[in-house]
Every structure is written in C-alpha cells, then in structure tokens.
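Each remark here refers to the structure printed beneath this line.
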Amino acid sequence: MNVEALYQDIILDHYKHPRGRQLLADPAGESHQVNPTCGDEVTVQVGLDSDGHLLVGYEGQGCSISQASASVMSELVAGFDPAQGDDARRAFVELMHSKGAAEPDEDVLGDAVAFVGVAKYPARIKCALLPWMALQDAEAKAGIGIAQEGTSTS
Amino acid sequence: MNVEALYQDIILDHYKHPRGRQLLADPAGESHQVNPTCGDEVTVQVGLDSDGHLLVGYEGQGCSISQASASVMSELVAGFDPAQGDDARRAFVELMHSKGAAEPDEDVLGDAVAFVGVAKYPARIKCALLPWMALQDAEAKAGIGIAQEGTSTS
Amino acid sequence: MLQPIDVDRIRKDFPILQRTVRDNRPLVYLDSGATSQKPMAVLDAERAFYETSNAGVHRGAHQLAEEATDAYEGARATIAGFVGAQPAELVFTKNATESLNLAAYAFSNATAKAVHAPDSVDRRFVLSPGDSIVVTQMEHHANLVPWQEACAKTGATLRWIGLTDEGRLDLEALDSVIDETTRVVSVVHQSNILGTINPVQAIMGRAHEVGALGVVDACQSIPHMPVDVHDLGADLVAWSGHKMLGPTGIGLLWGRSEVLQAMPPFVSGGSMIETVFMEHSTYAEPPKRFEAGTPMVAQSVGLAAAVRYLDDLGMDAVAAHEHDLTGYALGQLEELRGVRIIGPRDNVDRGSAVSFVVDGLHPHDVGQFLDDKGVAVRVGHHCAWPTCRRFGVPATTRISPYIYNDRADIDIAMEGIMAAQKFFGV
Amino acid sequence: MLQPIDVDRIRKDFPILQRTVRDNRPLVYLDSGATSQKPMAVLDAERAFYETSNAGVHRGAHQLAEEATDAYEGARATIAGFVGAQPAELVFTKNATESLNLAAYAFSNATAKAVHAPDSVDRRFVLSPGDSIVVTQMEHHANLVPWQEACAKTGATLRWIGLTDEGRLDLEALDSVIDETTRVVSVVHQSNILGTINPVQAIMGRAHEVGALGVVDACQSIPHMPVDVHDLGADLVAWSGHKMLGPTGIGLLWGRSEVLQAMPPFVSGGSMIETVFMEHSTYAEPPKRFEAGTPMVAQSVGLAAAVRYLDDLGMDAVAAHEHDLTGYALGQLEELRGVRIIGPRDNVDRGSAVSFVVDGLHPHDVGQFLDDKGVAVRVGHHCAWPTCRRFGVPATTRISPYIYNDRADIDIAMEGIMAAQKFFGV
Ligand SMILES: Cc1ncc(COP(=O)(O)O)c(C=O)c1O
Ligand SMILES: Cc1ncc(COP(=O)(O)O)c(C=O)c1O
C-alpha cells in the first residue's frame, strides 16, 4: 500500500473537477460539518423532487479526499430515493471502517468504491466521511428518511 | 537501624510522662499546628518572664514522636532567652534534615538529641518538628525574637 | 467454576514484590487501598508504546500518529468493556479526584455561565441558595471537598447521610436528607477507610426520585469486584487507574451519554473544541469535550494491560480471594487484645480495607512497628478525616490486601501489632 | 565552549527512531512540536520507579512510601532547578493545558466565591464586567479557550494583541490593548505554529505597569532553549513534560510564591488540604494546594530523567542545533516553487517550528506524501485556528525538528513536498 493507491484516479478527477458543486435553490435541510483537527468544511443541502427522489447540493473547502468525497457522494445519491441513499451511506461508512479488508460493492457505491484505500489511513477516514455525515444530518433536519427508519425498526 | 533505635528511652519516657504539658495563664503568642497527613495536633503558647526568658506551654494529641518532642522542647527552651531558643530550634531542624548523618550537639539540644534516629524515617520528621514549628509561629505572633533577627539581618 | 487466585504465581509478575525493605525483610505490601503495585505486563505495555508508537493522538496524518490514536482509543474500548460501558461514555482524567471535580465543576461552571447567558447551559446543573448537594459521612476528601467548593461558589448547601456505630450508612435518614431541594447526590461505593460497601443503587434511586443527578465514587470497588456501571444506577461514576494495577496519572469518569452531553466543559483547550474563533468557541462531543490537551496516552495503554490482567484472573475470583482475606483479617484482629476495628466487623457487604486502632498506641507508632517487620500499611486519616472524627479517633491503621497477598501476610501484620504493644507496654 | 549536538549518538538513545514506517522507510520524526520522543534513560527511570519504590506519596509511614515521596519531591527539585526555580514554586499538573486552566480558574473561582464570601478571596482574582483579559492572536487553544471560558463565567472581556504579516506581535498596539481595565495578560513565549519567539518580558512589564497579572505559555520554549523562569518577568509559567523528552501525563506550572499563595484551589480533594470537616475545609500551602489526589509520581521521575538528559546536552547546544536546522529549513523551503512560509522568514527570534502552505495543495495531501516518505509532520490548524484565519489559510504543514534531527531529515521532507507537487500536477 502506498500513497498512489490512496489517491486513485477517480478521486483526483473529482477533486480537480468537482461535480454538482453548488447549493440548492430551496433546500429542505442543510448541515455544515467541520473536521476539527484540520479545519476541513463541507455544507450539504438536501431536498426531494416531486417524485420523492433526493436533491443534493454542497459547498466546501478542504483536502482532496474530503472534497472529492463530497463530489462523488452528490453525484451518486442525487436522484436516489432516500432508502437507497441510506444504503449507500451505510455501505460507505462500513467501507471506511473496514481497515481496507472489505470488497466494496460497486452496484451500491458507484465511484465511491475508489475510496477503499482511505480505510488504510485512519487519519483520512474522517475526511472521506465528512460529506456523508453532513448528508445524514441534513436529511435528519429535513425529516427525510426518518419516517421510513422509524417504521422499519418499530 | 531498626525501630528500637528510633524510639530511644528518652523519647518513650517523655511520651509516657510528658513534662510541663499545660497552657500558660497569660500567653503572649499561641500557635496551633496540625500534621495534615495524620491529624497530629499541638498547640504551643509562649511568653517572656520579667527577665526576658521564655515561658512555654503546650497541649496536643498525636503519636509518641510528636508528643515526646513537644515535652522535650518545652523542657529545653523554657527559661532560655529567645536567641538561645532560636539556636536550639535551628539545631533541631538541621538534625531532622541530616538523614541521620549528623552528630547532634548535646549542649545545645539537651534531651532533644534523642531524636537523631527520627531523621532516618522521613515520614516521622514532620511529627518531631511539629511542636518546634508551633514554637516558631507562636514567637512570631508574640513578636518575640523578631527585633533581634531584624537587627542581625539588616 | 471460579479459578481461585494463585498468589504465588501472581507474585512472580510483580517485580517490586521480590524486593526487601528495612533490615532485609521481604516486602509485605498491604497498602493497595492507597495504590496497587503493577505487574510486568503493564510496564511492558507502556514501554512498548513509547518504543514503537509514541506520537500526538487525534492529530497529525502520519503513521505513528495513527498508531498512537489506535492505541489510545483501543485502550478506551478495553477499559470501557471492563465495566460494561460504551467507549464514547468513558472520559480519561488524571485521577479519580479530577473525575469527581469534573462532576462538581459541571455545576459551578453552569451556574456561573447562567448569570451571563442563561440559555447557554442545561438548567439541571445550575445551583442556587436553597438547593442542596448530598454526600455521606464516609466520603474520601476527593468526594467531599469538591462539593464543598461547589457550594461555596453557588450558595448551595451541603448535606450528608450519617453513619451507624457499625460503620454503615444510616439509611433511615435517606428520605429526609435527599429531598426536593437536592440537585446532586454523590456517594462512595466502597469506603476506603471503613471497607463498607454501600447500597448505591437504592441511594441513586432516591436521587432520581427527587430529580437529582447521581454520582458514584467507585475508586475502591472497581479494582476489587465485578462492577457493571449500569448496575450502580448512577449518572456518573469515577475511579482511578493506579489502584487497579495501572500506572499513576490516569483516572476515569463514566457518564450516561445524555448527561455527559449536557455537561459544560471543565478543563478547556486543544482537542476538546469543534471550532475556535478569537471571540468564542464551540465544543466537541463527549468524551473529547472533557479531554483537553495532550492526554495520558502511554498511561491509557498501561491501564488497558492492567484491565486485561484482571480480566484473565476474573473479577469474581478477585472478589472471592479478598473476601477470604478480609474474613481472616477480621478474625485475627478480633482475637488481639486491645484492638478495635473501625468499620463493619461482619464480613458482609464489606471490602478488604480493614481499619483498626490499638488501645494506648497511636497509629503512627503501630505503623512503625509493622514497617519494621517489612509490612507496608497506611496510618492516618486516609483522606477521610470527618469519618475518623465520627468514630472519635484521630487516625487509624489500615490493612488493605489485594491479589498478591495471602493469609501469611496478615499473620505478619498481626505479629507487628503485638510487637508494638509489647514495646510500648500496653 | 558549546559541545555541539551529536545527532548520530543521540539517535541511539531513542528506540523508536530505529523503526521503519510504511514501506520499510526509516522514520524521520519531524513532529516534536506535537510531542517529543523519549530516550531510554526516561523509560528506564520510570520503570525502575515502578519496580522498586512505587507507593502512595506523602502518606503512609512505610519504607516504600518514603522512597516514593523522595522520588517525587526529588523530581520536583530537579525540574525546578532546570528552569531556575525553587521546588516550592513548582506545581505538577497533567499537561500544560491543565496548568493554564489552573491559572484561568483562579479568576473564575475567586469571582464566584466573592459573591458569597467577599473576604475569602484575594481581590486581584475577582473579575467583573468592564475588566479585560489579554492574550495574542497566536495563542494555542490551550491559552485561549480557558480565558474565553473565564470571560463567560465572569463577564470580563477578552482582548488580544494582533499579528503583523511577518507573524510577529503587533506591539504598536501594546499600550492600548493592555490598559487599566486589564487584570491578566497571558502570552505564548514561542508560537507552536509560527515559530515566533515573543518579547514576553516587555509584555509582562506592561501587564505589571497596569497592575495585571502575567502568565506565559512556555510549552514551546522550555524544551528548546535555556529558560530561567525569572527572566520572563511573569507571575505564572506553564509548560508540558511530553514535549521535552518526558512521559505523557505530566505538566508544570511555576508561580511566584506570593501569587501562588494568593490563588484559590482549582482541583480539590485529598492531599491539598490542611484540615477537613464536613462543613468546611482549609487548604495546604502551594504547591500542594494545587495537587489534589494521587499525583503523577512515575511521570515526575521520568521527567526528571528527561531534564537530566537535556542538561547533559546543554540547553545552549540544543538551541544552537535547532537554530541551525531552522535556518536550513527556511532556506530550503524558500527555494521551493509555490511554497509560502507562515511565520517569520528570517531566522531571528524564532524557534524551529516551521509552518508552510503549498500552492494548490491542501496540507493534508502534503502530509500524506511526506508520510509516504517516512516523514512525520503535523498538518492542520495546530490548535491555533484563529492564527490560521489571520493568515487566510485553513491549515498548514509544520516541520518541527528536535535534538535527534539533522539536515538530511529536512532534505527528505523537501523531497516529499516536491513529490506531492508532481503527483497533483501543481
Ligand atoms: C504553545 C502551546 N501551548 C499549549 C500547548 C498544550 O500543551 P499540552 O497539550 O501538553 O497540554 C501546546 C502543545 O500542544 C503548545 O504548543
Ligand atoms: C474512595 C476513594 N475516593 C477517591 C480517591 C481518590 O483517588 P485518586 O487519589 O486516585 O484521585 C481514593 C483514593 O485515594 C479513594 O479511595
């Protein structure tokens, strides 16, 4: 494992050419997350379109990992229904905590599989997770997904 | 060095038969000292007689070392002039910090030379010093000896 | 089935127990209530950390920093597991005293902040004159003085549950001492001077009944018996590492998440923040909120090794071993003429700290004769001075055995007591 | 004459420097500003203490307790001597952060107590709205957040001395920032992020001119240069053991006797008392008043060994060695395209912590490439977030060499920076 395996091409590409990096016109929920150890920041906004699919906007500043992760995430989950979004988030969190031993499922994670190498660098895991934590928090604030989770666990 | 060398006969004798263990009728200064680690207490009172010699009274409760030390001290310094009392106190403090290596001067310290063994038991040094600290503090409160010291150091 | 404690085998793990004291006497260490000795496994773990992974934790993106962070958080998980807790509910401090101060300062800090910004704090921690704080008459100074200080800073009143002559809490008074004015109740689980094990669950229940928060000082219980923090019924539980085979310089505070969340910071600075501006800052979630500055990393690693050592022995076995030694010590002391036990004389709901006084002898003089026989005990007020006063003694001598002691150690202590009696002719 | 630092010889004393990281790269440790590595002499001293003399200090009358007390107080004397202080003026804490909180809490505690018992406290520590506390814009969070908290609890206002673009204090504003409303001034001696060495004596002089107390954060100076606490002109000086070759878990606060005497307790409990009753307690004299609970005994012994190690090298030689490395690092960085140094670029009145940013690269990504080469540096805001904001950067990469580093280490770091630039195509 060396540093090139961490910075996969997809990550570099998203870092240099972020996708969908803008805020929403009328967000239902918003979350601003900071990584207190390094000052990385990301703001994620969410909403639902008329079909009940996720709308995602974001802004941020920070290292390649956190910013590429935001770009990959927004591209992946925009258009998902909230349950699909949750699945992707859970899969991503699990991937990050796998210490590099997991086989990520590309069907669920899309480009986000490229972050598999991050799991080997504990100090960077927080960077990769930052936008996903913001997504979760923004959804919670918007009340998105709550009903579903409530139903499934009760 | 064993425990019998610590508890010399003179110490045991003063512990069992304390001399002059009573308070003064009209003290010029008084000090109550406590050993916070074990709760030993001693109150020492001082005054001067018409010839300028020390009057000493005390009361206390605690271990054999602290109580014998109070008895020995009061017997020794009562009747001394303040400067002599200071000499004795200084000699005693020095003896306690000698780690048992000092040759105590019986002319200055009288029965208090018996405490030489205490210096080998650091935890007991405070016990032996307690009444002497009270004496010093009581004299300071009474203004005894201050003038002399003030003169000699200025 | 319980695997009994094998003292001879255990002693081999403790280098200090191979040494002699005074005139070449083998060391008989009966002062574990003050601090325990450390097995090689603990010393090795600490040293290995320094030799391989030492670095700042939660900072830095290099391999050593990652390893150090893993070691620190791994230690937290191990120690939390030992008391049935979640890692996120466990705060590292320097000692139990700091842990208890952290609890007490939640009140005085919230009270002071409420003056200038009432909405910035949780009202449960804001005290005013008329409010009461409840402790017991058998508290270690560490669980008394911080609450006296909290009262001095807020105008609240300190109350306490008194003791029976047997050294038990006078629980008849429980419902009148803890009443609607009570905002926090802080009680020792096992007394370090009397040995009494208190029914903390009932007391915490009463605290919660009146809406007060409950704190338990578990300094002398967690090292000696199986404890699941949830069973205590408390909101906060404090204890130290050095009394349970761990290094000096590390203590613990467990707290129910919801309560820790609501508490304002105590020591502030780096690592406990979320964002910092010159004008103001926001704080991290617990446990980090309470761990400002460079933490006791090597010590956490050492303490985790201590916990593994105790786990291997089994805390049930540790408790059974100490129960046996306690019964033996109580019996032997009862047989000595002129000896009075301060604390419960029946071996029920009591731990292995056994305090006593000898007629006509000051504890310092008793301790000196024990020391002369190579026996290390503590003499004094054991940081429970009001408890001594309650029993009309200036001080006591205390035997406090642990896993590396056996009955023969108690026997030597008895010889020392008799030698003192003989020497002083009492 | 100065005996120059022999890096090769010194490295042999540090077991961790023999290890490799990542793909078998020799470890290049350039993160001593976060925490230093520990020589064997320190690890040996700590272990020897546990193996021979471990016991409670200032309690117990047995031989181990005596030896432990001697070890602890002996360590205090050694460490005090290292900074030209009297042992009675030196307080042991868990880290510098606690030391600085001890200073800040003197104010908030005295203020709270004054409400209920005005005569129980020294008025110098009582704050009210209208009073000001002064720090600088280059403080570590440890010397900023506690003062923000003190303000939140007392209504006092926080002010600060700003920075020039070169990373020096803007001293033109000194007399207006520190004025008659100022009650305490707390300033870092050497910045951990900029490397700047501040003229603390002049600032303390101004503080005393207006009747304020003066505090110095010497975390980054005492490990790196000869410091006599009296020369700083301060009333209180705080620093940590772990940054000067000592163990984790121990910090220091030096105070002028008269000031320590006047300060109310911070952490309270056992060992810091004079007498204790249920109703109230009285407190011991400093330094004990500030050392509640079982202290960091083994850590004090380890730190004393660290101090002896540094003394053997000579602090003048340490400072000269670092000055050379700093000049070299500054020169090498200046030669790199796209690198901007944050902090003084001239090697005058500056220490060896050198921060920089690389155009187009986030410090985390720079750090990752250094890590890949085996170089350990710190990236982030270095617990000086407002300082980063002052320079318009979210974070920096910091090289902080010490006695075990040489110019070749700096060279490898430069290679790492260039590798990152190449990889990211900037
Ligand atoms: C300048 C400065 N002040 C304070 C601190 C805090 O020290 P510690 O983390 O040891 O409490 C540090 C180090 O982190 C520092 O560099
Ligand atoms: C019951 C009890 N509480 C609190 C303490 C204080 O613990 P520490 O000295 O480790 O802070 C002790 C031990 O001294 C204790 O026995």
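In what follows, chains are A, B, ... by sequence order, proteins preceding strands, each numbered from 1. A quick note: this is a predicted structure, and the numbers were derived from the prediction, not measured.
- Looking at C:Glu46 and D:Tyr50, their side chains come closer than 4.5 Å, going by heavy atoms from C-beta outward.
- Ranked by heavy-atom pairs shorter than 4.5 Å toward chain C, the options D:Met296, D:His382, D:Gln368, D:Arg19 are led by D:Arg19.
- A donor atom on one side chain and an acceptor atom on the other are found under 3.5 Å apart for C:Gln299 and D:Thr248.
- Interface residue C:Val21: backbone and side-chain heavy atoms are both found under 4.5 Å from chain D.
- Residue contact with chain C, scored on non-hydrogen atoms closer than 4.5 Å, involves the backbone and the side chain of D:Leu43 alike.
- Proximity to chain D is limited to the side chain of C:Leu64, based on heavy atoms less than 4.5 angstrom apart.
- Counting heavy-atom pairs closer than 4.5 Å to chain D, the top residue among C:Val42, C:Thr35, C:Val267 is C:Val267.
- Neither the backbone nor the side chain of C:Ser99 has a heavy atom closer than 4.5 Å to any heavy atom of chain D.
- Side-chain contact between C:His62 and D:Leu370 is absent, with no heavy-atom pair separated by less than 4.5 Å.
- With rounding to the nearest 0.5 angstrom, the OG atom of C:Ser108 is 8.5 Å from the CD atom of C:Glu149.
- The greatest number of non-hydrogen atom pairs below 4.5 Å with chain C, out of D:Pro265, D:Gly270, D:Ser120, is found for D:Gly270.
- Taking every heavy atom of both residues into account, C:His140 and C:Asp217 meet most closely at CB-OD2, 4.3 Å.
- Residue C:Val135 touches chain D through its side chain alone, counting heavy-atom pairs closer than 4.5 Å.
- Of the two parts of C:Asp365, neither the backbone nor the side chain holds a non-hydrogen atom closer than 4.5 Å to a non-hydrogen atom of chain D.
- Of the inter-residue distances, the one linking C:Leu100 atom CG with C:Trp239 atom CH2 reads 11.5 Å to the nearest 0.5 angstrom.
- No other option in D:Gly293, D:Ser268, D:Gly249, D:Ala34 has as many heavy-atom pairs under 4.5 Å with chain C as D:Ser268.
- Note: C:His141 and C:His381 have tilted aromatic rings, judged against thresholds of 30 and 60 degrees for the angle between ring planes.
- For the set D:Gly251, D:Ala55, D:Ala292, D:Pro129, the entry with the most heavy-atom pairs within less than 4.5 Å of chain C is D:Ala292.
- Chain C forms more heavy-atom pairs under 4.5 Å with one residue of D:Cys151, D:Ala104, D:Ala112 than with any other, namely D:Ala112.
- There is no contact between D:Thr20 and chain C, counting heavy-atom distances below 4.5 Å.
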Q: Carefully, step by step, assess C:Asp44 and D:Arg47 under the rule salt bridge (charged side-chain N to carboxylate O under 4.0 Å, His left out).
A: CA-CA 9 Å; C:Asp44 290 346; D:Arg47 184 163 189 134; 2.8 Å; yes
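- Using a 4.5 Å cut-off between heavy atoms, C:Leu27 touches chain D through its side chain atoms alone.
- With a threshold of 4.5 angstrom between heavy atoms, C:Asn95 approaches chain D through side-chain atoms but not through N, CA, C or O.
- Proximity of C:Asn192 to C:Arg398: side-chain heavy atoms (C-beta onward) are separated by under 4.5 Å at one or more points.
- No close placement of the D:Tyr29 and D:Phe14 rings is indicated, their centers lying 6.0 Å or farther apart.
- Between chain D and the options C:Arg390, C:His280, C:His364, heavy-atom pairs under 4.5 Å are most frequent for C:His280.
- If you measure heavy-atom distances from D:Ile250 to chain C, you find no contacts under 4.5 Å at all.
- Looking at C:Ser36, the atoms closer than 4.5 Å to chain D (heavy atoms on both sides) all sit in the backbone: N, CA, C or O.
- Interface remark: C:Pro247 contributes backbone and side-chain atoms alike to the contact with chain D (heavy atom separation under 4.5 Å).
- Both the backbone and the side chain of C:Pro146 come within contact range of chain D, each with at least one heavy atom under 4.5 Å from a heavy atom of that chain.
- Looking at D:Glu279, both its backbone and its side chain come within 4.5 Å of chain C, counting heavy atoms on both sides.
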Q) What's the verdict on side chain to side chain donor-acceptor pair (under 3.5 Å) for C:Gln37 and D:Asn54, showing C-alpha distance, side-chain angles and the deciding distance? A) CA-CA 7 Å; C:Gln37 297 303 341; D:Asn54 176 62; 3.0 Å; yes
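- Both the backbone and the side chain of C:Phe266 come within less than 4.5 Å of a heavy atom in chain D.
- Here the straight-line distance linking atom CG of D:Leu102 with atom OG1 of D:Thr97 works out to 12.0 Å at 0.5 Å rounding.
- Of the atoms belonging to C:Thr154, it is backbone heavy atoms, and not side-chain ones, that fall under 4.5 Å from chain D.
- When heavy atoms are compared at a cutoff of 4.5 Å, C:Gln18 does not approach chain D at all.
- Between C:Tyr72 and C:His58, the ring planes lie perpendicular to each other; the angle is over 60°, past the 30° to 60° tilted range.
- Taking the centre of each ring, C:Tyr105 and D:Tyr105 come in below the 6.0 Å mark.
- Listed options D:Val115, D:Leu17, D:Val375, D:Thr275 were ranked by heavy-atom pairs under 4.5 angstrom with chain C; first place goes to D:Thr275.
- Contacts between D:His242 and chain C at a heavy-atom distance below 4.5 Å involve the side chain alone, from C-beta outward.
- Using a 4.5 Å cut-off between heavy atoms, C:Ala117 makes no contact with chain D at all.
- Residues C:Glu98 and C:Thr93 bring no donor and acceptor atom of their side chains to less than 3.5 Å of each other.
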